[in-house]
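In what follows, a single structure is set out as structure tokens and then discussed.
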Amino acid sequence: MLYKTETLSVASNNQQGLETNAIARISSFRQVYCASLAYERQGAQMDIRQQKGLQIAATKKLTQSGNRWFVPSQSGQRGESYVVVPDVSSPQCNCPDHELRQVKCKHIFAVEFVIQREFTFNEETQTETMTEIVTVKQTYKQEWTAYNQAQTQEKDQFQTLLRELCKGVGEPSQTIGRPRLPFEDMIFAVAFKVYSTVSQRRFMSDLRDAHTKGYISKVPHFNSISNYLENEVLTPYLTMLIEESSLPLQAVESSFAVDSSGFSTCRFVQWVEAKYTNPTLMTKREWVKVHLMCGVKTNIVTAVEITDRFAGDCPQFKGLVETTGQNFTMAEVSADKPYLSSDNLQTVVDHNAMPYIPFKSNSVSSSRRGTPSTALWKQMFHFYSFNQARFMQCYHKRSNVETTFHMIKSKFGDALRSKTRTAQINEALCKVLCHNLCCLIQSMFELEIKPEFWAEAA
Ligand SMILES: [Zn+2]
């Protein structure tokens with residue numbers, strides 16, 4: 001037996017849970033290889049322990065000390081953990097499941113998911129090398145200097161960027177009623193109003209300030225702001241501005257995630273509560289459902305669709321991917337289970353990107369009524385079954401889209417003030433636009449990006 005040890009590390013960049021892979025190469029025996037092959041053969045059907053193991057690996061923090069791993073107990077009290085020795089030929093765990101039945105328990109599976117083993121055979125030296133890739137969840141210190149700068153200058157920067165964006169909208173051909181504010185001023189006013197989060201009357205001093213600085217040509221009456229939001233001509237323009245505001249990050253983003261969330265018309269009702277614990281709230285209140293795709297590094301929103309509260313998630317996926325695909329080179333797209341369909345997988349692949357959408361527990365590898373995407377479905381199913389660890393790493397970027405919604409709601413509120421449907425849609429779009437501008441400001445300080453809009457028009 002030959003022993004060879006090398007260590008190298010690779011850092012992959014992901015804003016929230018920056019992950020470091022520590023790769024330790026150690027030599028191994030042939031039996032190890034056989035065990036792994038056997039495991040791959042079983043892999044086509046994940047049993048319940050494997051599934052639970054994957055869940056633990058994805059959600060709990062496993063710690064290592066020598067060859068022993070400490071796996072937090074799922075059911076037990078806080079801080080309670082089991083000790084796993086992931087020996088390849090006879091893995092051990094001190095939980096009742098393993099000790100009684102002598103089977104591979106969920107804790108052993110969890111450790112195995114964390115340690116991804118790869119085998120390579122060297123012809124020259126006739127030795128086999130086992131590579132262990134250990135995924136370590138790491139938290140990074142916030143870039144405080146850049147963060148402070150971005151936050152302290154945000155309101156000024158926000159107005160400058162919003163002004164630049166609005167300049168490009170032009171004037172819609174249709175003019176309704178009496179002469180009104182120029183269209184660009186109108187969009188500036190409503191977006192800045194949503195950014196300020198205060199009532200219309202209290203917003204007036206902000207707006208006068210913006211007028212003094214030359215961002216708008218005249219100050220409208222405070223009642224006019226809500227009238228502007230009622231204008232349905234605004235909706236496609238706001239959507240366009242959201243897309244345009246994502247373009248300065250074209251070079252930064254290549255992984256994207258999709259999700260949806262609702263905004264209610266009542267301040268005291270939250271989407272998550274209504275959806276999961278109190279369904280009557282869904283029917284009692286007005287909701288606007290926002291479907292969006294965002295870049296996972298900066299949380300910038302690259303595409304958005306608005307539907308009513310009961311609209312399914314799956315049909316929105318294609319449009320979001322296609323819009324993003326027009327502006328960005330996509331490498332990965334991750335989404336939650338409800339988005340899984342042959343068509344959606346195909347849409348992502350058509351854009352030369354890799355879909356990371358988990359298969360449901362009842363998904364099968366066999367064909368489904370001979371749909372054209374059957375081969376792809378099968379391929380993805382096997383990829384998912386055999387490369388759990390790799391899959392989970394990429395799929396986990398999906399959590400960034402939840403962060404995006406959290407950012408939007410915590411900063412600009414999860415309630416809508418508007419009373420009519422059109423105004424509610426416009427208000428929700430304004431929140432997304434404001435979020436994008438804030439992401440840009442953050443990127444200006446952290447990534448030293450200088451945003452410019454309407455490049456082609458200039
Ligand atoms: Zn166990």
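Each ligand, and each atom within it, is numbered from 1 in the order the structure gives.
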Return yes if some donor-acceptor pair links the side-chain N/O of D414 with the main-chain N/O of F263 below 3.5 Å, else return no. no
Any donor-acceptor N/O pair, R398 side chain to I357 backbone, under 3.5 Å: no
Enumerate the ring pair (Phe, Tyr, Trp, His ring centres under 6.0 Å) contacts for residues 240-260, please, sequence neighbours excluded, ordered by first and then second residue. F256-F328
Report the residues that fulfil salt bridge (charged side-chain N to carboxylate O under 4.0 Å, His left out) with E154, sequence neighbours left out, ordered by chain and then residue number. K411
C93 pairs by side chain to side chain contact (heavy atoms under 4.5 Å, CB included) with which of K106, H98, K104, E99? H98
If you look only at distance, which donor and acceptor atoms sit under 3.5 Å apart when one is on a side chain in residues 429-441 and the other is two or more places apart or in another chain?
| residue | atom | partner | partner atom | Å |
| --- | --- | --- | --- | --- |
| K431 | NZ | F412 | O | 2.5 |
| K431 | NZ | G413 | O | 3.0 |
| K431 | NZ | A415 | O | 3.1 |
| H435 | NE2 | N299 | O | 2.8 |
| N436 | OD1 | V301 | N | 2.7 |
| N436 | ND2 | I242 | O | 3.2 |
| N436 | ND2 | S245 | OG | 3.0 |
| N436 | ND2 | V301 | O | 2.9 |

Close to the Zn ion (ligand 1), meaning under 2.8 Å, how many protein N, O or S atoms are there? 4
